[in-house]
Amino acid sequence: MAIKSILNLNPPSGFRDFNADTIHKRNFIINIIKNQFELCGFEPLETPALEYTDILTGKYGPEGDKLIFRVLDSGNPFEHLKPESWQDISTPESLLSLKNRLAEKSLRYDLTIPLARYVAHNINKLVLPFKRYQIQPVWRGDSPQKGRYREFMQCDADIIGSASLHHDAELVLLYANVFEILKIPVTIKINHRGFLEYFLNYCKTQSPNVEAHFNLTKFCNVIDKADKIGWQKVSQELVALGFDSSMVARLEAFMNLPQYHFLQNIIISIDTLKQFFGDETDSSHLEPTDNHSYHNIVNQSFYTDFSELHNYFNLSGLSAKKPFEYCKIVWDFGLARGLNYYSGIVMEVVVDNEVCKTKYDTQIKMGSIGGGGRYDNLTAMFGVPNLNGIGISFGLDRIYDVMDALKLFENIPTKHQSKVIFFNLGEVGFNKSFELVHVLRKLGYPCELFPTQQKLDKQFKYAESLEYHFACFIGENEISKNEMIIKNLRTREQQIISLETQANFVEAFKHFINKN
RNA sequence: GAGGGCAUAGCUCAGUCGGUAGAGCAACAGUUUGUGGCACUGUGGGUCGUGGGUUCGAGCCCCAUUGUUCUCCCCA
């Protein structure tokens with residue numbers, strides 16, 4: 001008889017249950033990431049699921065604000081509201097404002113803002129630079145689809161209170177090490193937002209029709225689409241926004257500079273970059289009128305960042321031939337990224353489908369599986385100015401999906417390798433088995449007893465489905481001879497073990513386990 | 001926020017032209033054996049997501065609704 005509930009037994013859309021098998025695989029990934037974090041000197045931090053709504057809003061852009069899960073105040077959330085304030089929900093802004101007032105607390109949207117809040121709160125106790133890693137779920141009210149969930153795990157490592165560029169290089173290498181171990185072919189893209197900001201400011205001086213409030217974030221959003229819709233449409237859009245068409249052409253030439261591939265022949269070097277910006281000397285009409293000197297790029301801070309980072313990569317041996325099998329590290333002048341708070345170096349990790357094709361004969365359609373960047377002065381919004389920060393994030397759920405698609409979990413031992421089950425052959429043997437189970441558990445072997453005396457094929461099937469490696473038999477025959485049978489469930493090899501003394505039993509048991 | 005697909009047994013799905021429902025697997029029971037995965041026999045289980053409409057008649061056509069999934073947007 002089918003028992004049908006009128007309730008929907010699915011978890012809410014975009015939320016998931018995880019079974020044992022999935023959790024073992026997720027832990028496998030998490031342990032590798034955590035290990036790399038600790039090798040680099042990061043210490044763990046956990047923050048609560050809920051933050052005050054005011055802490056979160058306004059940090060992720062207007063789109064982000066809409067996606068924050070708000071938690072309705074307990075008690076009567078309407079109590080403190082004047083009636084007129086909740087009657088006006090005619091505009092999206094007033095509706096959002098009302099929601100914020102009904103929900104004092106919200107689920108965290110990422111791990112970076114809670115970190116900034118934590119640092120600002122504890123600034124007097126912390127030793128700087130503060131290096132912490134954090135592996136916890138975050139929640140976004142996005143519409144779920146492939147590779148996008150409403151509850152997902154982020155694995156972040158951040159350094160607060162140090163402007164040294166070596167961290168930026170270190171984090172890129174950390175990315176590379178993790179994906180190298182996981183055997184996921186990736187491209188780690190790097191850029192400096194300064195280049196884009198510089199271009200934007202310069203374009204604006206040359207294009208009086210561009211609206212003053214057209215900022216870097218909006219600029220990034222427009223040019224970020226170049227990959228998908230092509231440069232022709234992007235340049236049309238920019239011209240429509242008031243940009244001078246010669247500047248747009250110039251920007252296109254810049255963005256289309258070949259990607260700087262750190263692992264192969266150097267296609268574009270610092271010199272060619274200098275050349276790119278320097279060769280405008282003939283075009284007097286481009287001569288800027290303000291201190292955003294077009295030719296003065298080598299004096300810009302982002303330019304020194306760029307060359308310094310370049311040095312660290314050389315020191316780390318990245319320019320050597322083939323330091324990584326699965327990772328490419330490239331400089332991509334077109335990389336923009338969406339979040340508001342990034343100010344310097346930005347990074348993004350995407351699956352490298354060319355290598356997937358050659359190594360795994362398959363291709364993966366998936367958004368970025370990691371991202372990060374430098375966000376100078378992030379804690380200023382919480383009243384603690386002049387702190388530099390940089391961080392990266394691994395998207396665990398997407399990494400999992402990619403590994404699953406590439407069949408990378410096969411041949412990976414995610415479970416204990418010597419699980420033991422005692423079959424049930426009747427009460428006398430059961431009692432002896434119960435005794436031995438506790439001996440083995442003390443020695444660190446996971447064991448279980450089959451609870452009822454069922455047909456052996458049932459017991460075998462149970463053991464098989466739960467991936468037990470060894471089965472022990474103690475029935476009346478064995479009890480009478482004071483012995484037990486142990487069987488390797490994979491090879492089907494079996495052996496008789498004497499139960500005369502516990503020491504002998506343990507010795508023989510270990511011997512059998514170890515040789516299998 | 002915009003736009004598609006799908007919804008039939010526990011699972012994966014068939015179901016032709018509109019004529020009251022099928023398979024495989026799984027489950028359960030049995031046969032043989034104190035050492036399995038095989039085989040054989042049998043059994044149970046479906047208001048075809050929900051609500052309307054068209055029709056003599058709807059799993060099938062139409063509308064609505066809910067769930068689910070995917071794409072765009074944006075992101076991890």
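Within every chain, numbering begins at 1; the chains are lettered A, B, ... in the order of the sequence lines, protein sequences first and strands thereafter.
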Calculate the interatomic distance between A/D156 atom CG and B/rC75 atom C1'; express it in whole Å.
-> 14 Å
Rounded to whole Å, OH of A/Y462 lies from P of B/rA27 at a distance of 14 Å
Mind checking the C1' distance from B/rC70 to B/rC61? Whole angstroms is fine.
-> 26 Å
When the distance from CG of A/L396 to P of B/rA76 is rounded to whole Å, what number comes out?
-> 15 Å
Hey, is A/F473 doing a stacking thing with B/rG34, by the 5.5 Å centroid and 30° angle criteria?
-> no
Take atom C1' in B/rA9 and the same atom in B/rG51, then report the distance between them in whole Å.
-> 23 Å
Give the ring-plane orientation class for A/F302 versus A/H192, where under 30° counts as parallel, over 60° as perpendicular and anything between as tilted.
-> tilted
Using Watson-Crick or G-U wobble geometry with both distances below 3.5 Å, tell me the partner of B/rA7, or none.
-> B/rU66
So does A/E354 have more than 12 non-hydrogen atoms from other groups sitting under 6.0 Å from CD?
-> no
Is it true that A/F470 and A/Y445 have ring centroids separated by less than 6.0 Å?
-> no
For A/Y149 and for A/P11, locate the closest nucleotide of RNA chain B by heavy-atom distance; then report the residue assigned to the nucleotide nearer the 5' terminus.
-> A/P11
Does A/Q154 put a side-chain nitrogen or oxygen below 4.0 Å from OP1 or OP2 of B/rA76?
-> no
Between atom NE2 in A/H469 and atom C1' in B/rG36, what is the gap in whole Å?
-> 17 Å
With the side chain counted from C-beta on, respond yes when A/Y326 and A/I184 share a heavy-atom pair under 4.5 Å apart, and no when they do not.
-> no
Quick one: A/D457 CG to B/rG30 C1', roughly how many Å, whole number?
-> 12 Å
Just how far, in rounded Å, is C1' of B/rG36 from CD1 of A/I421?
-> 13 Å
Between A/K458 and B/rC28, does any side-chain N or O lie under 4.0 Å from OP1 or OP2?
-> yes
